[in-house]
Amino acid sequence: MRWTRYPINTMKETPAEAEIASHRLMLRAGLIRRLAAGIYTWTTFGLLTLRKVEAIIREEMNRAGAFEVLMPAVQPAELWQESGRWDEYGPELLRFTDRGDRAFVIGPTHEEVITDLVRRELQSYRQLPVNFYQIQTKFRDEIRPRFGVMRGREFIMKDAYSFHIDEASLAQGYELMREAYTRMFTRMGLTFRSVRADSGAIGGSTSEEFQVLADSGEDAIVFSDGDGYAANLEMAEALAPAAPRGAAGAAMQSVATPNVRTITAITEFLKVPATQCAKTLLVEGAAGGVVALVLRGDHELNAVKAQKVPGVATPLRMASAEAVLAASGAEPGFVGPVGLRCPVIADRSAATLADFVCGANVPDTHLTGVNWGRDLPEPAVADLRNIVAGDPSPSGKGTLSIARGIEVGHIFQLGRKYSDAMGCTVLDEESRSTTLCMGCYGIGVTRVVAAAIEQNHDERGIIWPEPIAPFQVVLVPINIAKSQRVRETADRLYDEFTRAGLEVLLDDRDARPGAKFADAELLGIPHRIVVGERGLEAGKLEYRHRRATASEDFPLDDALRFIRARLATG
RNA sequence: CGGGGCAUGGCGCAGUCUGGUAGCGCAUCUGCUUUGGGAGCAGAGGGUCGCAGGUUCGAAUCCUGCUGCCCCGACCA
């Protein structure tokens, strides 16, 4: 492609709205343009990469035996009422009515539509298992869209749904998708991890996220250095401390702590480590009232874990200031588990504390030397806290570290939630009607592009992984207006490369070299060839990879062979 | 949803407090010069100052309402 004939528009300055690197660079390089909050146009140039990502996904889905379909964005409300999600889904589901006052939604996902299709089309177990996928536009009315296409409201998703006669077949289909996802993200040149996203509770329901590792990621993920254990922080189990609780050594005492409300303040005021303090959080109970959750001072509450504890309201809500005062007799900051008039649940680590410090439920007062079983009843114990780096792995091998990730894929064994609700059945070998077992498998296609940039950029611009680069090679002729030789050589190379099937961008603008180099680096095209008088005098061209810090010369006569060798290794 | 902020040419901003008919940089167009790391000079085009009311001789500026957008939001007990 010739730059002067291509609709591409770079920006030297960054629009004020862009917070993270990928968003900034996507705007500056002209991949996307904003239309409304969380809604973006993909430009001709941006679409080159988006299509490459889609092509890799398509190839691997097909290779895994899935079949492509294309379902509507607009879906009738009846299907959502049938599955029960009309009431469950909440304000993220965009609802509207047509001219005849019939209710519709814009699909945030397509379980209902595919289940409806399958229940009509499939009659026999002989037609199973089967996996349908699509690459299609979704809409979720996010509370707070941000970071460009990273968390947009409208976005492109690859969603797939598999149907099986039983759980064993589902497990096989799930495994196939797991392998396909691993191949896709590997082919795209991304550094990623698959991560456990569910503790694997009842029903053997299993779920894994595919996380692209990047410091700006919205998710925290946890790894063991001892084996392959990896999980979302929300799900990673914190084991009970190996050492048993120490013996009580001190008497419980009341200490005046005027206006000392936080753990940090307590550690400074009483000169005790945070690991010797207990913090008590009052949350709303499932049946009204409040429940006390007790954590060690240096630990953070994990909301996902907490709301799974029986008696705790879902979703987790902190108790109001009035409720705290009613239950404890003191304001937040001086609440403790001793003498509290509500159920007390201690985190595993908090439950092994001895001689600990906590709020006294009396204004401006804390207690020291507190011991479970002596000064207050033994608490109920649960895993309530977030993992911290250095914790032992729940797999039993190694210790855990924490990294940030961007969730680009999620695979899930659904079971019969939708097929049950919607009557999706086939006849089995014995002519009995059997409800199908389902899996679903998503990839945020537009998010993958942002994640790739987040993981591959420097201060000058994007550094595309080769398999998803919009162009493979950029040709930069120097002083094209004056030098006929440079112009003709660049034209000839462009034709030669293009005929050879390479994806080449020829920067044929009459611009100064600095401007061309800066744009080439912003766009992130992996291989750059400079054509200049200086080199041509010696029969040379100049090559530089986007990641390299220095250029190398190579013979003009050998150009195609040279660049092909670089593409193969690059 | 709660809190805060912003809305002026394609992008980034000043002007608003103290009302007098809109300006700077980048980008765009023309000409000349320049050409190995975002050139220089000269000229040009482009804005009903988010929308609707109001106050005033006069409103980007003051008042009211609306809309859009951005940022933050249990982690404290």
Side-chain angles (χ1 to χ4, degrees), chain A residues 9-20 23-24 27-28 30 33-39 90-91 143-148 220 233 257 260-266 277-284 290-295 297-303 306-307 315-321 323-325 327-337 340 342 350 357-361 363 365-366 384-386 388 460-461 476-483 486-487 507 509-522 528 530-537 542 544 551:
Chain A
N9 208 2
T10 61
M11 282 191 284
K12 209 187 307 191
E13 287 174 285
T14 310
E17 77 222 37
E19 287 280 302
I20 60 170
H23 189 195
R24 241 180 352 250
L27 289 169
R28 286 191 53 210
R33 293 291 180 240
R34 193 179 68 85
L35 181 64
I39 301 179
I143 302 173
R144 190 140 89 84
R146 55 180 142 182
F147 305 150
L233 180 70
T257 52
V260 179
R261 294 164 186 276
T262 66
I263 292 295
T264 314
I266 279 290
C277 300
K279 62 178 164 189
T280 307
L281 288 72
L282 298 186
V283 300
E284 293 185 14
V290 299
V291 175
L293 304 178
V294 182
L295 295 169
D298 57 323
H299 286 151
E300 274 183 12
L301 180 66
N302 179 310
Q307 67 196 16
L316 187 73
R317 286 183 301 273
M318 302 306 292
S320 66
V324 172
L325 200 57
S328 117
E331 288 174 14
F334 304 99
V335 178
L340 209 52
C342 70
V357 175
C358 65
N361 300 320
T365 312
H366 279 74
L384 295 176
R385 69 174 175 94
N386 283 336
V388 293
R460 292 165 185 245
V476 184
I478 303 295
N479 197 1
I480 205 169
K482 278 282 171 59
S483 171
V486 165
R487 189 171 357 113
D507 191 348
R509 296 175 297 175
D510 178 21
R512 297 175 67 90
K516 292 189 175 192
F517 293 150
D519 270 340
E521 282 154 0
L522 174 61
R528 184 183 82 184
V530 176
V531 185
E533 275 292 344
R534 211 167 67 185
L536 290 183
E537 285 296 334
E542 188 183 301
R544 185 142 152 190
S551 305

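Computation of the quantities below employed the complete heavy-atom set of this structure, encompassing side-chain atoms and omitting hydrogens, waters and symmetry-equivalent molecules. Chain A is the first sequence line, chain B the second, and so forth, proteins listed ahead of strands; every chain is numbered from 1.
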I'd like the P distance from B:rC62 over to B:rU18, given in whole Å.
9 Å
Considering only the C1' atoms, how many Å lie between B:rG25 and B:rC72, rounded to the nearest integer?
31 Å
Ignoring hydrogens and angles, does a donor from either the side chain of A:Glu542 or the base of B:rG36 sit under 3.5 Å from an acceptor on the other?
yes
Report yes or no: is there a donor-acceptor pair, N or O only, under 3.5 Å between the side chain of A:Asn9 and the base of B:rG10?
no
Over all strands shown, is A:Arg28 touching base, sugar-phosphate only, or nothing at heavy-atom distances under 4.0 angstrom?
base
Side chains of A:Asp298 and A:Val388, heavy atoms from C-beta outward: is any pair under 4.5 Å?
no
Are the side chains of A:Val476 and A:Arg528 in contact, using a 4.5 Å heavy-atom criterion?
yes
Using a heavy-atom cut-off of under 4.0 Å over every strand shown, decide if A:Arg528 touches base, sugar-phosphate, or nothing.
base
Flag the pair A:Asp507 / A:Phe517 as yes when at least one side-chain heavy-atom distance between them is below 4.5 Å, and no otherwise.
no
Contact nearer the 5' end of RNA chain B, comparing A:Val531 with A:Gly297
A:Val531
Indicate, with a heavy-atom threshold strictly under 4.0 Å, whether A:Glu331 touches base, sugar-phosphate, or nothing.
nothing
For B:rA59, give its Watson-Crick or G-U wobble partner with both distances under 3.5 Å, or none.
none
In plain terms, say whether A:Glu17 and A:Arg34 are close enough for a salt bridge, that is, a side-chain N and a carboxylate O under 4.0 Å apart.
yes
Students often get this wrong, so: under 4.0 angstrom with heavy atoms, is A:Gly532 touching a base, only sugar-phosphate, or nothing?
base
Side-chain contact, heavy-atom cut-off 4.5 Å: A:Leu295 with A:Glu300?
no
Examine B:rC76: is either OP1 or OP2 under 4.0 Å from a nitrogen or oxygen in the side chain of A:Arg261? Give yes or no.
no
With heavy atoms under 4.0 Å as the rule, sort A:Ala511 into base, sugar-phosphate or nothing.
base
Indicate, with a heavy-atom threshold strictly under 4.0 Å, whether A:Asn386 touches base, sugar-phosphate, or nothing.
nothing
Please compare A:Ala319 and A:Ser551 by the position of their nearest nucleotide in RNA chain B and report the one closer to 5'.
A:Ser551
B:rA22 and B:rG45, which share atom name P, separated by this distance in whole Å:
15 Å
Would you mind classifying the nucleic acid contact of A:Arg509 as base, sugar-phosphate or nothing, using non-hydrogen atoms under 4.0 angstrom?
nothing
Applying the Watson-Crick and G-U wobble criteria at under 3.5 Å, what pairs with B:rC32? Answer none if nothing qualifies.
B:rG40
Which whole number of Å gives the distance between the P atom of B:rU64 and that of B:rC24?
33 Å
State, with a plain yes or no, whether a side-chain heavy atom of A:Asn479 is found less than 4.5 Å away from one of A:Glu533.
no
Touch class at under 4.0 angstrom, heavy-atom based, for A:Arg24 against every strand present
nothing
Take A:Val531 and A:Leu536, measure what side chain to side chain contact (heavy atoms under 4.5 Å, CB included) needs, and give me the verdict at the end.
CA-CA 7 Å; A:Val531 185; A:Leu536 290 183; 4.1 Å; yes
Distance check, P atoms only: B:rC26 and B:rA42, in whole angstrom units.
12 Å
Starting at the 5' end of nucleotides 67-74 of chain B, put B wherever the base has a protein heavy atom under 4.0 Å, S where only the sugar-phosphate does, and a dash everywhere else.
--SSSB-B
For residues A:Cys342 and A:Val291, determine if any side-chain heavy atom of one lies less than 4.5 Å from a side-chain heavy atom of the other.
no
Nucleotide paired to B:rG65 in any strand shown, Watson-Crick or G-U, under 3.5 Å
B:rC51
Spacing of the P atoms in B:rG9 and B:rC32 (rounded, Å)
33 Å
What distance, rounded to whole Å, do you find between the two C1' atoms, one in B:rC49 and one in B:rC13?
14 Å
Both distances under 3.5 Å, Watson-Crick or G-U wobble: report the partner of B:rC76, or none.
none
Counterpart base for B:rC17, defined by Watson-Crick or G-U wobble contacts under 3.5 Å
none
More than 12 heavy atoms of other groups within 6.0 Å of A:Glu331 CD
no
Base, sugar-phosphate or nothing for A:Thr280? Non-hydrogen atoms, less than 4.0 Å.
base
Using a heavy-atom cut-off of 4.0 Å across all strands, would you classify A:Ser483 as base, sugar-phosphate, or nothing?
nothing
Mate of B:rC26 across any strand shown (Watson-Crick or G-U wobble, both atom pairs under 3.5 Å) is B:rG10
Do A:Asn361 and A:Val335 have side chains that approach each other closer than 4.5 Å (heavy atoms only, starting at C-beta)?
yes
Mate of B:rG45 across any strand shown (Watson-Crick or G-U wobble, both atom pairs under 3.5 Å) is none
Which nucleotide wins on minimum distance to the side chain of A:Lys12, given the candidates B:rC26, B:rG12, B:rU35?
B:rC26
How far, in whole Å, is B:rA60 from B:rU21 if one measures between their C1' atoms?
10 Å
Below 4.0 Å: OP1/OP2 of B:rG38 and any side-chain N or O of A:Lys516:
no
Would you indicate what A:Val530 reaches in the nucleic acid, counting non-hydrogen atoms under 4.0 angstrom: base, sugar-phosphate, or nothing?
base
